[in-house]
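To start, the structure under review is shown below, and the notes come after it.
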Amino acid sequence: MSQGEPFNLNDVQRQLRRHVESLRAAGVEWLPRGEPLPLGLSLGTSIAPAAESLAAETPAAESSLFEIAPTSSASELSLESRRQALAVLTDEVKKCMKCAGLASTRTQTVFGQGQVGVELCFVGEAPGADEDAQGLPFVGAAGQLLNKIIAACGMKREEIYICNIIKCRPPGNRTPLPDEASNCRGFLERQLELIQPKFICALGTCAATNLLNTTKSLGMLRGKFHDYKGIPAMVTYHPAYLLPHRSPEKKREVWEDMKMLLARMGRPVPAKA
Ligand code: URA
């Protein structure tokens, strides 16, 4: 709305409603009640009635908060609402300070990359130095290898969603601590609920054990499908483990896992990697 345009309360109410719905879809359940905004006053009217009417639709449990109704199940949301909710969730993650240590050492959070509604989502462990610098998952050496795995499967990185168990880089690339994984769990769950991938592939022990809430070894978990909230989930070695200085011979097993995944997805299985 530019200066001088008539101030339309219905427009404001619509925008507020849309904003609240995005917040609700992203899992935000409470908003501060706050004071009427001076913005409305400077325009010669107040948006307080719009906010108040919205607040009046919901029970007030505490004087300073109003509930914005239970989180909608993402399966009830349109693709566009899920996109908006994911953007809101991304912003929530950017502001997260739950792990004080990680928040103080990160350059930025690394939420994930890809589109809602993709068929396949890869879940890794945590951002490394390159990811922390660029704000995107799997863009370093392990990421280059993951790109090759994706290409060998006859897919493009753009058709896949990629994220991690935790959204901040652990200093020195150490494995995320149980508390860090647990602090980030709600974000990951909501992220996957909004993306709604048809299949998930967990990369490495940290991703597999946290995602599937198990203490089993990777050797016991790989080679078969697991269930993550109704989504078939495959487990395989982390691409960093396949790098030349570690265990490149494990690429063969990763390829076996990928072939099993492709077959279950109903996609053609390339003859060889
Ligand atoms: N390793 C991971 O687990 N995730 C990344 O994003 C990069 C490296």
Side-chain angles (χ1 to χ4, degrees), residues 86 89-90 93-94 96 99 101-103 105-115 118 120-153 155-185 187-192 195 197 199-214 217-218 221-222 226 228 233-248 250-251 253-254 257-258 261:
L86 202 67
L89 190 63
T90 308
V93 167
K94 275 185 194 156
C96 181
C99 306
L102 296 187
T105 52
R106 73 185 177 212
T107 304
Q108 58 193 314
T109 54
V110 179
F111 183 71
Q113 188 179 31
Q115 305 296 322
V118 291
L120 176 61
C121 173
F122 280 109
V123 180
E125 176 175 318
D130 295 301
E131 291 75 22
D132 175 74
Q134 295 185 43
L136 292 170
F138 282 97
V139 289
Q144 299 312 311
L145 192 42
L146 180 61
N147 290 348
K148 285 188 185 162
I149 295 170
I150 292 171
C153 290
M155 293 188 272
K156 295 196 173 75
R157 186 169 159 126
E158 305 76 70
E159 16 168 342
I160 290 167
Y161 195 86
I162 305 178
C163 63
N164 284 303
I165 293 292
I166 69 165
K167 316 301 186 199
C168 297
R169 181 192 180 204
N173 297 344
R174 63 160 169 74
T175 305
L177 303 172
D179 269 6
E180 294 164 349
S182 130
N183 284 344
C184 235
R185 178 81 192 185
F187 293 138
L188 176 68
E189 287 186 1
R190 192 65 181 153
Q191 185 172 33
L192 292 174
I195 299 297
F199 299 89
I200 294 176
C201 181
L203 301 168
T205 306
C206 172
T209 53
N210 278 290
L211 186 78
L212 302 173
N213 209 5
T214 176
S217 69
L218 194 95
L221 293 170
R222 61 163 290 276
H226 303 267
Y228 171 81
M234 165 61 73
V235 165
T236 196
Y237 291 108
H238 193 288
Y241 185 58
L242 309 176
L243 291 172
H245 62 289
R246 296 189 67 190
S247 302
K250 295 289 183 190
K251 284 182 189 173
E253 284 159 62
V254 171
D257 296 334
M258 291 303 108
L261 178 59

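Atoms within each ligand, like the ligands themselves, are counted from 1 in listed order. Note: hydrogens, waters and symmetry copies are ignored here, and every other heavy atom, side chains too, is used. This one's a predicted model, so the numbers in the text were calculated from it and none came from an experiment.
- Below 3.5 Å of separation, one finds an N or O of Phe138 facing an N or O of ligand 1.
- Every atom of ligand 1 with a heavy atom of Pro137 under 4.0 Å away is listed here by number and element: 6 (O).
- The residue from Ala141, Ala126, Gly124 that puts a heavy atom closest to atom 5 (C) of ligand 1 is Ala126.
- When Asn183, Leu177, Leu102 are each tested for a side chain to side chain contact (heavy atoms under 4.5 Å, CB included) with Ile166, only one passes: Leu102.
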- Item | Audit row: Phe138, His238, ring-ring contact (aromatic ring centres under 6.0 Å, His included) steps and yes/no | CA-CA 11 Å; Phe138 282 97; His238 193 288; 5.4 Å; yes
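- Ligand 1 places these atoms under 4.0 Å from at least one heavy atom of Glu125: 2 (C), 3 (O).
- In this structure, Arg222 CZ and Met234 CE are separated by 8.0 Å, a value rounded to the nearest 0.5 Å.
- Between the side chain of Gln108 and the backbone N or O of Asp132 there is at least one donor-acceptor pair closer than 3.5 Å.
- For ligand 1, the atoms lying closer than 4.0 Å to a non-hydrogen atom of His238 are 1 (N), 2 (C), 3 (O).
- Of the listed residues (Pro127, Cys96, Cys168), just one forms a side chain to side chain contact (heavy atoms under 4.5 Å, CB included) with Thr109, and that residue is Cys168.
- In terms of protein heavy atoms, atom 4 (N) of ligand 1 is closest to Asn164 OD1, 2.7 Å.
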